[in-house]
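Accompanying notes for the structure given below.
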Amino acid sequence: MREFTAFWKQHGETLVRGTAYHEAACQIILMAYLHRIVNGGGFLDREYAAGTGRLDVYLRWPYGEGQVQREAMELKVWRPDQRDPVDEGLTQLDRYLDRLDLDTGYLVIFDRRPDASPIEERVRFDQAHTPAGRQVTVLRA
């Protein structure tokens, strides 16, 4: 994810500029970037059915003997005239993590507001907890 942030700082604004589908564009760019990870035998599922609703990204890749690393990501787009989607995202991700029996996850918030801070300033990682106390890495992009 740290490598993705460097990529996003360099190319993110250019890649989504002019597109009417901000959320889809952001998701597709992130997923394309993550495919590098799973090309060696892993799986990247989009809109993974995890109980009620759909988890945006579910990564699974084998390691060791019979082990599978699993990562769950919820993606949100912060649009103009909306409040910060972090609370909604944490609540939503909490349900998915519970269903998948995971203790940690990722919440990625793409800030698409015209008055957002410059990309170099706003891209950062924060740590947060879901309502049930699960650890979540929040990437603000």
Side-chain angles (χ1 to χ4, degrees), residues 1-64 66-141:
M1 292 302 289
R2 293 207 183 278
E3 289 178 18
F4 174 73
T5 62
F7 171 83
W8 186 255
K9 283 180 184 179
Q10 275 189 298
H11 308 290
E13 290 177 323
T14 302
L15 292 170
V16 297
R17 183 179 297 135
T19 180
Y21 303 102
H22 298 298
E23 186 166 4
C26 294
Q27 287 182 357
I28 290 167
I29 292 165
L30 176 60
M31 288 182 55
Y33 194 88
L34 292 174
H35 264 288
R36 298 175 336 128
I37 295 171
V38 299
N39 277 343
F43 301 92
L44 187 150
D45 298 310
R46 181 177 174 270
E47 298 292 332
Y48 186 82
T52 59
R54 301 263 184 209
L55 175 64
D56 288 325
V57 177
Y58 185 47
L59 293 166
R60 298 169 287 141
W61 60 92
Y63 71 96
Q67 303 283 345
V68 177
Q69 183 168 347
R70 302 176 304 137
E71 301 291 345
M73 292 183 186
E74 181 62 21
L75 311 179
K76 294 290 183 193
V77 174
W78 191 353
R79 294 183 179 88
D81 300 322
Q82 288 184 338
R83 53 186 266 265
D84 186 345
V86 69
D87 291 336
E88 175 189 352
L90 289 170
T91 300
Q92 193 174 352
L93 184 57
D94 202 20
R95 290 192 307 267
Y96 302 142
L97 295 174
D98 185 53
R99 187 72 165 200
L100 295 168
D101 197 27
L102 292 172
D103 295 325
T104 63
Y106 291 88
L107 174 60
V108 182
I109 300 174
F110 292 98
D111 194 338
R112 302 298 301 143
R113 299 171 303 148
D115 60 343
S117 300
I119 198 165
E120 301 82 19
E121 296 174 16
R122 73 174 180 260
V123 174
R124 71 178 194 274
F125 288 97
D126 296 322
Q127 295 298 311
H129 291 90
T130 67
R134 293 178 178 87
Q135 181 74 32
V136 172
T137 299
V138 178
L139 167 56
R140 293 187 174 271

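Since the model is a prediction, treat every value here as computed from it, not as a measurement. If you read the sequence from its start, that first residue is 1, and numbering goes on from there.
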Q | Salt-bridge contact Arg140-Asp126 (side-chain N to carboxylate O under 4.0 Å) | A | yes

Q: State the CG-CE distance between Leu34 and Met73, to the nearest 0.5 angstrom.
A: 5.0 Å

Q: Would you name the heavy atoms of Pro114 and Pro80 that are closest together and state the gap between them?
A: CD-CG, 3.5 Å

Q: Decide yes or no for Thr137 and Thr104: does some side-chain heavy atom of the first lie under 4.5 Å from some side-chain heavy atom of the second?
A: no

Q: Return the set of residues passing salt bridge (charged side-chain N to carboxylate O under 4.0 Å, His left out) with Glu3 (not counting sequence neighbours), or none when no residue passes.
A: Arg36

**Q.** Nearest heavy-atom neighbours spanning Gln69 and Tyr63
**A.** N-CE2, 3.4 Å

Q: Grab the two heavy atoms, one from Gly105 and one from Leu93, that are nearest each other, plus how far apart they are.
A: C-CD2, 4.1 Å

(Q) Once rounded to the nearest 0.5 Å, what's the spacing between atom NE2 of His129 and atom CD of Gln135? (A) 4.0 Å

Q.
Let me confirm one number: the NZ-CG distance from Lys76 to Asp87, rounded to the nearest 0.5 Å.
A. 11.5 Å

Q: Could you go through the side-chain contact (heavy atoms from CB on, under 4.5 Å) check for Met1 and Val108 one step at a time?
A: CA-CA 10 Å; Met1 292 302 289; Val108 182; 4.0 Å; yes

Q) Listed by chain and number, what are the salt bridge (charged side-chain N to carboxylate O under 4.0 Å, His left out) partners of Arg70, not counting sequence neighbours? A) none

**Q.** Side chain proximity check, Val136 to Glu74, heavy atoms < 4.5 angstrom
**A.** no

Q. More than 12 foreign heavy atoms under 6.0 Å from CG of Asp115: is that the case here?
A. yes

Q | Gap separating the CG atom of Leu97 from the CG atom of Asp103, nearest 0.5 angstrom | A | 8.5 Å

Q) Which residue pairs satisfy the ring-ring contact (aromatic ring centres under 6.0 Å, His included) criterion with at least one member in residues 24-43, sequence neighbours excluded? A) Phe4-Tyr33, Phe7-Tyr33

Q | Expected output: side-chain Arg122 to main-chain Ser117 donor-acceptor under 3.5 Å | A | yes

Q: Enter the distance from Arg95:CZ to Thr130:OG1 here, rounded to the nearest 0.5 Å.
A: 11.5 Å

**Q.** Arg134 CZ to Asp94 CG distance, which is reported to the nearest 0.5 Å
**A.** 4.5 Å

Q | Heavy-atom pair of closest approach, residues Ala141 and Val123 | A | CA-CG2, 3.9 Å

Q | Minimum heavy-atom distance between Trp61 and Gly42, given as atom pair plus value | A | CB-CA, 3.7 Å

(Q) Tell me the closest heavy-atom pair linking Leu90 and Leu107, and the distance in Å. (A) N-CD2, 3.9 Å

Q) Looking at side-chain heavy atoms only, is the closest gap between Asp45 and Arg60 below 4.5 Å? A) yes

